Participant: 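Questions regarding the structure given below will be posed in turn.
Quick caveat, the model's predicted, so the values are computed rather than measured. Here is how names work: the chains are called A, B, and so on, in the same order as the sequence lines, proteins then strands, and each is numbered from 1.
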There are 2 protein chains.
Amino acid sequence: MKLITTALSACLLLLLSFTAAAAQFNYKQPEFLQTAESGAYRASILYFVEDPSTTAAITDAVRYYADGLLIIKNGKVSDVGDYQQLIKKFEKKGESIKINQSYQGKLIMPGFIDTHIHFPQAEMIGAYGEQLLQWLDKYTFPTEKKYADKSYADSMAETFIDQLLSSGTTTALVFGSVHPESVNALFEQSERLNMRMIAGKVMMDRNAPDYLTDTAQSSYQESKTLIEKWHKKGRALYSITPRFAPTSTPEQLSLAGQLKAQYPTVYMHTHLSENLGEIKWVESLFPEAASYLDVYSQAGLTGRRSVFAHGIHLDETDFQELHDHGAAIAFCPTSNLFLGSGLFKLREAKQAQRPVRIGMGTDVGAGTSFSMLQTLNEAYKVVLLQQNGRDKIMALSAFEGFYQATLGGAKALYLDDKIGSLAPGHEADFIVLDWKATPLQTLRMNTIEEQKQDELAQLAEKLFALMMLGDDRNIAAAVVSGREVYKK
Amino acid sequence: MKLITTALSACLLLLLSFTAAAAQFNYKQPEFLQTAESGAYRASILYFVEDPSTTAAITDAVRYYADGLLIIKNGKVSDVGDYQQLIKKFEKKGESIKINQSYQGKLIMPGFIDTHIHFPQAEMIGAYGEQLLQWLDKYTFPTEKKYADKSYADSMAETFIDQLLSSGTTTALVFGSVHPESVNALFEQSERLNMRMIAGKVMMDRNAPDYLTDTAQSSYQESKTLIEKWHKKGRALYSITPRFAPTSTPEQLSLAGQLKAQYPTVYMHTHLSENLGEIKWVESLFPEAASYLDVYSQAGLTGRRSVFAHGIHLDETDFQELHDHGAAIAFCPTSNLFLGSGLFKLREAKQAQRPVRIGMGTDVGAGTSFSMLQTLNEAYKVVLLQQNGRDKIMALSAFEGFYQATLGGAKALYLDDKIGSLAPGHEADFIVLDWKATPLQTLRMNTIEEQKQDELAQLAEKLFALMMLGDDRNIAAAVVSGREVYKK
C-alpha cells in the first residue's frame with residue numbers, strides 16, 4: 001500500500017512540475033514574488049472592513065472569498081480576491097502566479113490581536129486565587145519577581161511568543177513586569193520575528209512588595225529610556241504601563257501623564273474598574289476623583305491609544321468620557337469569569353451614539369487561555385448572560401466576534417491602517433485556520449456543510465462553531481510580515 | 001545519537017526482562033490477573049470517599065497515592081494503594097504482581113460521570129441559537145428528527161460514545177430522542193463496551209413539531225417496553241424522560257409518574273427551571289401548580305433517582321423539597337452560559353442543613369464541550385461569579401470539582417456503591433490523565449512541581465490547573481469494566 005502511495009505521489013509530482021513548467025512557458029512569475037517575505041496563498045479568505053454589528057448588510061462589513069488568493073509583497077498585502085479573477089488579471093499582464101502555499105479547504109484571516117495580556121504571568125495561568133486582590137498577592141507578585149533576571153525573561157519571552165503564535169495571535173498589547181529587563185527580553189524576541197508588538201514596563205510605586213516597586217521618578221526615567229530605545233523601532237511600539245491606580249501614587253500617575261504628553265504616539269495601558277473591592281479601594285485612595293476613570297483622566301492618561309483593561313463596572317458617564325477621548329477598553333471574558341469580577345456590558349459600551357473602541361484581551365495569567373477562539377467562546381456567553389431578562393437580546397454573532405478579534409482590536413489600537421485586515425497595503429500578518437481539527441469539529445462542520453444555505457450564512461455558522469469548539473489546534477499556520485513563523 | 005539511544009534501550013529492556021524473570025523465579029502471578037478484564041496499573045491514583053467541601057480535613061475526603069497500584073479483578077477493583085506496600089503484601093502471600101500497564105507520571109482517577117447530556121444533539125453542538133426556546137425550535141427539533149432512522153442512530157451512537165470516552169466520561173445519564181430507535185441504538189453500542197449507561201426515550205406530546213411528538217399513551221407504552229428490554233440488562237439502566245413540563249400534557253406526566261411507581265429502581269430525567277421565559281411558560285401551562293418543581297412532584301416524578309437538569313432559578317423551598325425527596329440536580333455550566341440562562345447557585349443547593357445531591361452535566365448540544373475538564377473550568381467561574389459582591393466567597397476547589405465529577409455524580413445517581421470511586425468492590429471504570437498534554441500545561445505543571453509544598457497542596461494546584469487548562473487531550477486512556485476501551 002505504502003509503495004503504491006509513493007509511486008502515485010511521484011507521478012503526481014511529475015505531473016505538477018510539468019504543468020508548472022507549461023504555465024511558465026507562456027508566463028513569467030512577477031519579480032516581487034521571488035523575494036523573501038512575499039508569496040501567494042490560496043485558501044478561503046475572510047476579513048472585515050467595518051463592524052458587522054453596525055452595518056445594514058453583512059456584505060457591507062465582510063470580505064469573503066470562498067476560493068481566494070492572497071498575494072504578499074515585501075511583507076505587505078499587495079492583492080487579495082477571488083482566485084480565478086486574480087489569476088486572470090495577472091495573465092493579462094503576461095505574469096503567472098505560482099502558489100507557494102496552498103491552503104485550500106482552510107481559512108485565512110488576519111492574525112488575532114490581543115489587546116491585554118501579561119508577559120510575566122504565562123507560567124501562573126490557571127492558578128487558584130479567588131478574587132483579584134488576593135490573587136495578586138498570592139501568585140502574581142511572587143511570579144513577576146522572577147523577571148528581574150534577564151536570562152530568565154529571555155527564555156520566557158520565547159515561550160510567550162510561541163504561545164501567542166500557536167494560538168493565532170500576531171499582535172499583542174503586553175504588560176511586562178516592573179523590570180525593564182522584561183520589556184527588553186520581549187521586544188528582542190518579537191524583533192527577531194518582525195512582529196508588531198506593543199509593550200511596556202509596569203509602573204508601580206506603592207501597595208506592592210518592595211521587590212516589585214519602583215519610584216515615581218525611576219519609573220518615569222526607565223519608561224523614557226525604553227521609549228527612546230524601542231518605540232517605532234521596526235514594528236515595536238511602546239506603552240506606558242501603570243499597573244492600576246491603587247499601586248501608583250498620584251505623583252507616579254502624573255509623571256506617566258507627562259510621558260504620554262511628551263510622546264503622543266506612545267500607548268497607555270492599564271486596568272480599570274475590574275472588581276468591586278478594587279473600586280472601593282480606589283475611592284478611598286483618591287477621594288477627590290469623580291470616578292475611577294477620572295483618576296486616570298486627571299493625570300492626562302485618558303486619550304487616543306489609551307487602553308483600559310476590563311471596565312466591567314463602568315457607567316454611562318464613563319463610557320461617554322472614553323468615547324469623547326477616543327480611548328479603548330480591552331474586553332477580557334475568560335479573566336473576568338475566572339476572577340469572578342463580573343459581566344462586561346459590551347452592548348452598552350458599543351452604543352451607536354457614542355461607541356467606545358473595544359479590543360479583545362485574553363488577560364493571561366488571569367485569563368485561562370491564550371486562544372482567541374476560546375476567548376470568543378466566553379465573550380459570547382458573557383454578552384448573552386449580561387442581557388438576561390431583557391426583552392430584546394443582541395447576541396455576539398460570529399462575524400462580530402471575529403471582527404472584534406481582528407479589525408476591532410486594530411481600531412482600538414489606532415492601527416487599522418496597518419493590521420487587522422487583509423486589504424491591500426496592510427501588513428501581512430495572518431493566520432490559517434483549520435476548520436476540522438478534532439473529530440467533534442469535523443462532525444459539526446460536516447453537518448453545517450450538508451445544509452442547503454447561501455455562502456455567507458454557512459460561513460457564519462462555521463465561524464460560530466469555530467468560536468465555540470475551537471482552540472489552538474485550529475491554528476494551522478501563522479504568518480508575520482509575510483513570513484510563516486508558525487506551522488502546526 | 002539515535003543509535004546510542006537504541007542500544008541503551010535494548011540494554012534496559014534486557015535488564016528489565018532479567019529482573020522480571022528473577023522476580024518470577026520466586027513468586028507466581030495471582031491467577032485472577034491472568035483473566036480478561038483484570039490487570040494491575042501503576043500510576044498516581046486519586047479518588048474520593050467524601051465531599052471535600054464538607055469534611056474537617058482534606059484527608060477525610062481524598063485518597064491519594066503518588067506512586068499507586070490499582071488491581072482489577074474481573075472488571076472490579078480488587079485492591080488499591082501504595083505501590084510498594086501492595087507489592088509487599090502480595091509477596092508475603094508468595095504472589096508477584098506483573099504490571100500490565102504502567103502509567104507512571106500520570107494520574108488514574110474514576111471515570112467522569114456526566115449526569116445530563118443529549119445523544120441526538122452531538123452534531124449540533126455550538127449552534128448559534130440565542131436563548132433556550134428559540135434554540136429548541138431552530139436547531140434541536142430538526143436535528144432530533146434524524147434519529148427516527150435506526151441506522152443513522154446506530155452510526156451516531158458510536159460517535160457519541162467515542163466522544164464520551166475520549167473526554168474521560170465512562171457513565172452518562174442520557175436523553176435520547178422521542179424515537180425508541182435512538183435508545184436501542186445507544187444501549188446496543190454501550191452494551192458492546194460493557195459501559196454503565198443510563199438513558200431513556202424522550203416523552204413529548206405537545207408544543208413540539210408533529211414529527212417529534214408521541215402521545216401520552218404511546219410514550220407510556222414505548223417507555224415500558226424499553227424498560228423491560230434494557231433496565232438492568234448488563235450495566236444498562238433506564239430513565240423515564242419527559243423532555244420538560246411545557247412539552248408534556250398533565251396526562252403524559254401522570255403516566256410517567258405511574259411508570260416510576262411501577263419500576264422504582266428506574267430513573268427519571270428531565271429539565272427544571274433553566275430559563276426565565278421557560279418558567280413563565282410553565283406557570284401559564286400549569287396555573288394550579290405551586291412551582292415549576294411542583295408540576296413534577298404532583299405527577300410523582302420527584303424522588304430518589306430523579307435527576308433535574310439545571311435548576312438555576314430554584315428557591316429555598318425548592319431546594320428543601322429536592323433534599324427531602326432525595327432528588328438530584330445536574331449542574332451544567334457550559335450550557336447555562338451558552339444559552340445565557342443564568343448562574344447556578346451551587347452553594348445554596350449544597351447547604352449543610354439540607355444538601356441537594358449534585359452531579360455535573362455537559363448538556364451537549366447546548367453545552368459547548370464533552371469534556372468534564374472544560375465543564376469544571378466553567379463551573380468554577382459560575383460558582384465564583386454567582387457569589388460576587390458577598391463578603392465571604394466559597395470558591396469551587398479542584399478537589400470539590402473532581403469530587404462532583406466522580407463520586408458526587410455517582411451519589412446523585414445512587415450508584416456510589418458501584419461507580420465514581422476506586423475503593424475495592426467498585427466497578428473498574430477509570431481514566432488515565434496526562435498532566436502535560438500541551439506546552440502551556442507543561443509550563444504550568446513544571447512551575448507547580450518546582451514549588452516546595454506538601455504532596456496534597458501540590459496535587460490540589462495541579463488538579464486546579466488541569467481543570468482550568470485541560471481538555472480531551474489530557475485523557476490518555478479510559479478503562480471500562482476493567483477493559484481499556486480508549487487510548488489516545
Participant: Applying side chain to side chain contact (heavy atoms under 4.5 Å, CB included), run through Lys381(B) and Lys381(A) and close with a yes or a no.
Facilitator: CA-CA 12 Å; Lys381(B) 293 170 176 175; Lys381(A) 293 171 176 175; over 6 Å; no
Participant: Measuring heavy-atom distances to chain B, does Thr334(A) have an atom under 4.5 Å in its side chain, in its backbone, in both, or in neither?
Facilitator: both
Participant: Look up atom CG in Leu276(B) and atom CG in Asn388(A), then write down how far apart they are to the nearest 0.5 Å.
Facilitator: 5.0 Å
Participant: Who among Val382(A), Asn275(A), Thr438(A), Asp472(A) has the most heavy-atom pairs with chain B under 4.5 Å?
Facilitator: Asp472(A)
Participant: Is Ala398(A) in contact with chain B via its backbone, its side chain, both, or neither, using a 4.5 Å heavy-atom distance?
Facilitator: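 Neither; nothing under 4.5 Å.
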Participant: Return the minimal non-hydrogen interatomic distance between Gln163(B) and Pro439(A), and the atom names on each side.
Facilitator: NE2-CB, 3.7 Å
Participant: Ser341(A) versus chain B, heavy atoms under 4.5 Å apart: side chain, backbone, both or neither?
Facilitator: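 For Ser341(A), the backbone is the part near chain B, not the side chain.
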Participant: If you look at every heavy atom in Leu339(B) and Leu384(A), which pair is closest and at what distance?
Facilitator: C-CD2, 3.6 Å
Participant: Heavy-atom distance under 4.5 Å to chain B: side chain of Asp162(A), backbone, both or neither?
Facilitator: neither
Participant: So for Gln387(B), is it side chain, backbone, both, or neither that comes closer than 4.5 Å to the heavy atoms of chain A?
Facilitator: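 Contact with chain A is absent: no heavy atom of Gln387(B) under 4.5 Å.
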Participant: Measuring heavy-atom distances to chain A, does Ala460(B) have an atom under 4.5 Å in its side chain, in its backbone, in both, or in neither?
Facilitator: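 Interface part for Ala460(B): neither.
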Participant: Atom CG in Asn377(A), atom CD in Glu378(B): separation rounded to 0.5 Å?
Facilitator: 6.0 Å
Participant: In Å and rounded to the nearest 0.5 Å, what is the OH to OG1 distance from Tyr380(B) to Thr368(A)?
Facilitator: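 Taking OH in Tyr380(B) and OG1 in Thr368(A), the distance rounds to 10.5 Å.
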Participant: Which atoms of Glu123(B) are under 4.5 Å from chain A, going by heavy atoms: the side chain, the backbone, both sets, or neither?
Facilitator: both
Participant: Checking Gln386(B) against chain A: side chain, backbone, both or neither under 4.5 Å from a heavy atom?
Facilitator: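 For Gln386(B), there is no contact with chain A at all, as no heavy atom is under 4.5 Å.
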Participant: Taking side chain as everything from C-beta outward and backbone as N, CA, C, O, which of these in Leu396(A) sits under 4.5 Å from a heavy atom of chain B? Side chain, backbone, both or neither.
Facilitator: backbone
Participant: Please look at Asp471(A) and chain B and tell me whether the side chain, the backbone, both or neither of the residue comes under 4.5 angstrom of a heavy atom of that chain.
Facilitator: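 Looking at Asp471(A), just its side chain touches chain B.
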Participant: Select one option (side chain, backbone, both, neither) describing which atoms of Met467(A) are under 4.5 Å from chain B's heavy atoms.
Facilitator: neither
Participant: Mind checking whether Tyr128(B) and Phe464(A) have parallel, tilted or perpendicular rings, split at 30° and 60°?
Facilitator: perpendicular
Participant: Check step by step if side chain to side chain contact (heavy atoms under 4.5 Å, CB included) holds for Thr447(A) and Lys146(B).
Facilitator: CA-CA 12 Å; Thr447(A) 305; Lys146(B) 300 195 234 169; 4.1 Å; yes
Participant: To the nearest 0.5 angstrom, please state how far the CZ atom of Phe160(B) sits from the CG atom of Leu440(A).
Facilitator: 11.0 Å
Participant: Can you tell me how far the CG atom of Leu385(B) sits from the CG atom of Asn336(A), to the nearest 0.5 Å?
Facilitator: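 Result: 9.0 Å between the selected atoms.
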Participant: Any idea which of Met445(B), Gln374(B), Arg473(B) has the most non-hydrogen atom pairs under 4.5 angstrom with chain A?
Facilitator: Arg473(B)
Participant: Looking at every non-hydrogen atom in both residues, tell me the closest pair between Ala127(A) and Arg444(B) and how far apart they are.
Facilitator: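 It is CB-NH2, 3.4 Å.
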